Amino acid sequence: LETVKEAIKGLNSLSIGMGWDCDEEHLAILEYVLETFAGNLVLDADALNTLVGHLELLKESSAKIVLTPHLKEFSRLTGLSIDDIKKDEVFIAKNFARNNHVILVLKGHTTVVSDGDDVYLCKCGTPGMATSGSGDVLSGILAGMLAYQDYSLLTVSAGVLLNGIAGEIAESKNTDISMIASDTINCIPDAIRRI
């Protein structure tokens, strides 16, 4: 925790949760960050799993928060089954974002991005992105964009779009079977040029 305190001092954008475990130590880190950090905060991976049962921390935080769950993580957060979520992903995502004061990025074949008022659907991306570390790439893109753009639904949606286009370019170079997360990273400059 002391290392985390020192590391986040002075930052205006932060992404956490990748490579974590769900234990008391990481819950303490998550609580500390949500209580003290006032910048743009992306929660992914085990930060989302650690958040299960502690959603009140989101409402009490002064951070501007983005959550990036896939369906299984979102199921844990909401207590709803994946089948129930799939019946109306947009409605459920929008309500969750509104009720918890976050921008939600519900990752999937069509990624749903909502701030609780509006919704954007991102249909770009490829099956090759369903590989270990791809969510981490998206979180890094979002944290990077939020370091110099306003916290807004448009900024987050643009990050999702950039990630999807980079993934499509990576797949065209590497095929969906052999693709790894770093292939998407390597294609970010190409995606920026295309946009």
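Index from 1, following the sequence. Everything numeric here is computed off the predicted structure, so don't read it as measured data.
- With sequence neighbours excluded, the residues satisfying ring pair (Phe, Tyr, Trp, His ring centres under 6.0 Å) with Phe96 are Phe74.
- Sorted by first then second residue, the side chain to side chain donor-acceptor pair (under 3.5 Å) pairs that include residues 4-16, not counting sequence neighbours, are Glu2-Lys5, Glu6-Lys9.
- Between Ser172 and Ile169, the shortest heavy-atom contact is OG-O, 2.6 Å.
- A donor-acceptor pair is defined here as one N or O able to donate and one able to accept, closer than 3.5 Å; no such pair exists between the side chain of Glu60 and the backbone of Leu57.
- Of the residues Asn40, Val66, Ile141, the one that meets the side chain to side chain contact (heavy atoms under 4.5 Å, CB included) test with Val156 is Val66.
- In terms of heavy-atom proximity, Val113 sits nearest to Ser157 at CG1-OG, 3.5 Å.
- By the 4.5 Å heavy-atom criterion applied to side chains, Val4 and Val33 are counted as neighbours.
- Side-chain atoms of Ser61 and Glu35, non-hydrogen and from C-beta on, never get closer than 4.5 Å to each other.
- Rounding to the nearest 0.5 Å places CG of Asp44 at 5.5 Å from CG of Leu48.
- No more than 12 heavy atoms of other residues, nucleotides or ligands sit less than 6.0 Å from atom CD of Glu24.
- A donor-acceptor distance shorter than 3.5 angstrom exists from the side chain of Asn174 to the backbone of Ala170, with no hydrogens or angles considered.
- No donor-acceptor distance shorter than 3.5 angstrom exists from the side chain of Asp150 to the backbone of Ser152, with no hydrogens or angles considered.
- Scored by the ring pair (Phe, Tyr, Trp, His ring centres under 6.0 Å) test, His26 finds Trp20 as partners (sequence neighbours excluded).
- Arg98 is linked by a side chain to side chain donor-acceptor pair (under 3.5 Å) to Asn95, counting only residues two or more places apart in sequence or in another chain.
- Under the rule for a side chain to side chain donor-acceptor pair (under 3.5 Å), Thr184 has no partner lying at least two apart in sequence or in another chain.
- Sorted by first and then second residue, the pairs that involve residues 112-136 and meet side chain to side chain donor-acceptor pair (under 3.5 Å), not counting sequence neighbours, are Thr126-Glu171.
- Between Asp190 and Lys173, at least one side-chain nitrogen of the basic residue sits less than 4.0 Å from a carboxylate oxygen of the acidic one, meeting the salt-bridge criterion.
- The residues Asp88 and Lys94 are annotated as not salt-bridged, no charged nitrogen and carboxylate oxygen being separated by less than 4.0 angstrom.
- Considering all non-hydrogen atoms of both residues, Lys59 and Asn100 come closest at CE-OD1, 3.8 Å.
- Between Asn49 and Asp46, the side chains place a donor N or O and an acceptor N or O closer than 3.5 Å (distance only, hydrogens not considered).
- A heavy-atom distance below 4.5 Å is not found between the side chains of Val160 and Thr68.
- Two residues are said to be in side-chain contact when any heavy atoms from C-beta on lie closer than 4.5 Å; Ile103 and Ile65 fail this criterion.
- Using a 4.0 Å cut-off between charged nitrogen and carboxylate oxygen, Asp83 and Lys86 do not count as a salt-bridge pair.
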